[in-house]
Amino acid sequence: MSEPESAHASGSASEPTPASEPTPASEPAPASGPAPASGPAPTSGPAPASEPAPASAPASGPTPEPESASDPAPQPAPGRQPQPAPGRQPQPAPESAKKRRRPWVRRVRRAVLVLALVLIVPLVAVETALRVNYMGDPADGTYTRDRDAMWLGHAWVDGRKKDADVTALAGRLEDTGVRDLYVHTGPLEHDGTLPRSVYPRARWFIDAVHRELPGVRVQAFLGDVLANGGPEGLELSDAATRAEVVRSAGQVLDTGYEGVHLDLEPLHSGDGHYLDLLDDLRELTKGRDAQLSVAAHQIDPLPHLHSVAGLVADHPKWWSQEFFGQVARRVDQIAVMSYDTARLFESTYGGYVAQQTSLALEVTPPTTHLLMGLPFYYESNPSHWGHAETVGAAVRGARLGLSRTDPDRELFGLAPYIDFAATETNWREFKDGWVR
């Protein structure tokens with residue numbers, strides 16, 4: 001907006017018109033008319049101190065004559081001081097100029113207020129709704145179905161872990177419902193290939209788990225960064241790359257893994273190339289009598305939120321509920337990464353997990369095993385506030401969502417992420433709230 005122009009005093013209305021050339025001080029004033037009763041005639045500037053006062057008018061006074069073009073200009077009103085000539089001294093900005101700036105300031109303040117309301121009111125409304133969603137009691141019987149899973153780190157297959165570590169892991173899991181282990185075996189190369197050198201001890205670990213934990217399956221956790229999340233990454237739109245991913249899946253199944261767990265991020269909602277990849281992988285795993293499982297993004301907590309997020313970020317966090325259902329129908333297991341939610345309070349985080357559980361249950365077929373992820377780690381940053389994202393809140397939220405949507409669902413479980421960051425508090429809240 002252009003700055004308003006300052007108003008200046010006009011020489012026509014507020015300044016008197018200069019009179020004819022003044023008479024020298026030694027001559028008497030002309031008798032063409034009486035001197036003004038209230039003061040001296042105006043001059044072009046302040047009168048010198050030695051200037052004599054004008055002569056007194058005759059007692060009777062002359063007879064007024066009609067006005068003519070030669071008469072002097074009208075005199076200023078009594079008591080009004082003559083105005084200095086333009087440019088003689090700086091004039092302060094008139095009050096009207098100051099007032100002109102006030103609407104501009106008011107408009108800025110109003111815009112700031114509107115922006116604050118647009119941002120704050122929806123946020124408060126969402127947080128309130130999530131807090132309400134966390135209220136109430138879970139239904140009886142909404143505990144483990146002995147169909148839980150857990151993500152494990154790469155150390156189990158690269159040579160860092162030993163027999164004693166497997167024995168300790170078995171002792172930790174034997175009283176839980178964990179029946180699937182997603183062991184990080186990648187990452188995949190950006191062309192979809194998987195070097196065998198990155199998992200030299202995979203066969204040892206699989207055999208050790210079968211010995212220590214009979215009935216627990218071991219799946220190869222394969223992941224990579226997608227090219228749509230940055231300048232480099234795996235390109236799903238390339239058919240040759242997708243074929244290499246399928247070949248790598250067959251490679252780990254040949255090693256002895258009982259399933260393939262795929263985690264590709266950031267994966268945009270509606271990606272048809274991802275669905276094509278799942279179709280090809282499902283054909284492979286079915287032929288090997290193996291499991292196909294995926295780590296899934298969260299579902300839009302508000303309608304079309306993934307579309308809005310995609311306009312301002314290259315890493316959209318959410319999938320549409322429709323796309324989530326399309327993925328769920330193509331796999332044996334789908335595990336929601338229900339953490340890193342940016343929730344500020346434990347109650348609103350628990351309410352968020354309850355909402356995510358309900359949204360996922362609504363579109364996951366009963367033949368697909370649904371799992372909700374638990375944060376077995378602690379961080380404090382804008383995407384994950386550790387004091388809010390607790391295991392206890394996530395467990396209770398999942399039970400509330402299960403209770404409200406499908407309390408009798410058998411193919412349902414929880415999945416802690418991740419073993420090497422877990423604390424005793426994480427394990428206690430998991431067992432107390434879910435295992436019983």
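Hydrogens, waters and symmetry mates are skipped; everything else that's a heavy atom, side chains included, is used.
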Q | Under 3.5 Å donor-acceptor, Gln355 side chain and Pro301 backbone | A | yes
Q) Is the shortest heavy-atom distance from the side chain of Leu374 to the side chain of Trp434 under 4.5 Å? A) no
**Q.** Atom of Val216, atom of Asp180 and distance for their closest heavy-atom approach
**A.** CG1-N, 4.4 Å
**Q.** His297 and Phe323 aromatic centres sub-6.0 Å
**A.** no
Q.
Parallel, tilted or perpendicular, judged at 30° and 60°: which one describes the rings of His184 and His154?
A. perpendicular
Q. So His387 and Trp385, would you call those rings parallel, tilted or perpendicular, with 30° and 60° as cut-offs?
A. tilted
Q: Might you point out which heavy atoms bring Leu152 and Asp419 nearest each other, and give the distance in Å?
A: CA-OD1, 3.1 Å
Q | CZ on Phe412 to OG1 on Thr142, rounded to 0.5 Å | A | 9.0 Å
Q.
Tell me whether the rings of Trp151 and Tyr339 are parallel (<30°), tilted (30 to 60°) or perpendicular (>60°).
A. perpendicular
Q. Below 4.0 angstrom, N of the basic side chain to O of the carboxylate: do Asp332 and Arg282 qualify?
A. yes
Q) Any side-chain heavy atom of Leu277 sitting closer than 4.5 Å to one from His273? A) no
Q. What are the two closest heavy atoms between Ser320 and Ser269, and how far apart are they?
A. N-OG, 3.0 Å
Q) Quick one: does Thr425's side chain get under 4.5 Å of Tyr378's, heavy atoms only? A) no
Q.
Using 0.5 Å steps for rounding, measure from the CG atom of Leu371 to the OG atom of Ser293.
A. 8.5 Å
(Q) Could you measure the distance from the CD atom of Glu389 to the OH atom of Tyr349? Nearest 0.5 Å is fine. (A) 5.0 Å
(Q) Other residues, nucleotides and ligands only: do more than 12 of their heavy atoms fall within 6.0 Å of CZ on Phe345? (A) no
Q. How long is the span from the CG atom in Leu281 to the CZ atom in Arg242, to the nearest 0.5 Å?
A. 10.5 Å
Q | Working for side-chain hydrogen bond (donor to acceptor under 3.5 Å, both in side chains), residues Thr390 and Glu346 | A | CA-CA 7 Å; Thr390 65; Glu346 192 173 18; 2.6 Å; yes
Q) Should we count CG of Asp254 as having more than 12 external heavy atoms under 6.0 Å? A) yes
(Q) Check Asp207 with Arg203, please: is the shortest side-chain N to carboxylate O separation under 4.0 Å? (A) yes
Q.
Between Glu322 and Arg329, does any side-chain N to carboxylate O distance fall below 4.0 Å?
A. no
**Q.** Side chain Ser383, main chain Asp340, donor-acceptor under 3.5 Å
**A.** no
(Q) Could you check whether any side-chain heavy atom of Leu400 comes within less than 4.5 Å of a side-chain heavy atom of Asn133, counting everything from C-beta outward? (A) no
Q: Show the numbers, then the answer: is there a side chain to side chain contact (heavy atoms under 4.5 Å, CB included) between Glu362 and Thr405?
A: CA-CA 7 Å; Glu362 289 171 358; Thr405 312; 4.0 Å; yes
Q) What distance do Leu262 atom CG and Leu278 atom CG have between them, rounded to the nearest 0.5 Å? A) 7.0 Å
Q: Compare all side-chain heavy atoms of Met337 with those of Asp263 and state whether any distance is below 4.5 angstrom.
A: yes
**Q.** Euclidean distance, Asp148 CG relative to Leu181 CG, rounded to 0.5 Å
**A.** 11.5 Å
**Q.** Qualifying residue for side-chain hydrogen bond (donor to acceptor under 3.5 Å, both in side chains) with Tyr352, from Glu127, Gln298, Arg343
**A.** Gln298
Q: Compare all side-chain heavy atoms of Tyr377 with those of Ile418 and state whether any distance is below 4.5 angstrom.
A: no
Q) What pair of heavy atoms forms the shortest contact from Arg201 to Asp158, and how long is it? A) CG-C, 4.3 Å
**Q.** Residue of the set Tyr257, Tyr199, Trp156 for which ring-ring contact (aromatic ring centres under 6.0 Å, His included) holds with Phe205
**A.** Trp156
Q) Are Tyr274 and Arg330 close enough that some pair of their side-chain heavy atoms sits under 4.5 Å apart? A) no
**Q.** Taking every non-hydrogen atom, the tightest pair across Arg179 and Thr176
**A.** NH1-O, 3.4 Å
Q | pair Asn381-His384: side-chain heavy atoms closer than 4.5 Å | A | yes
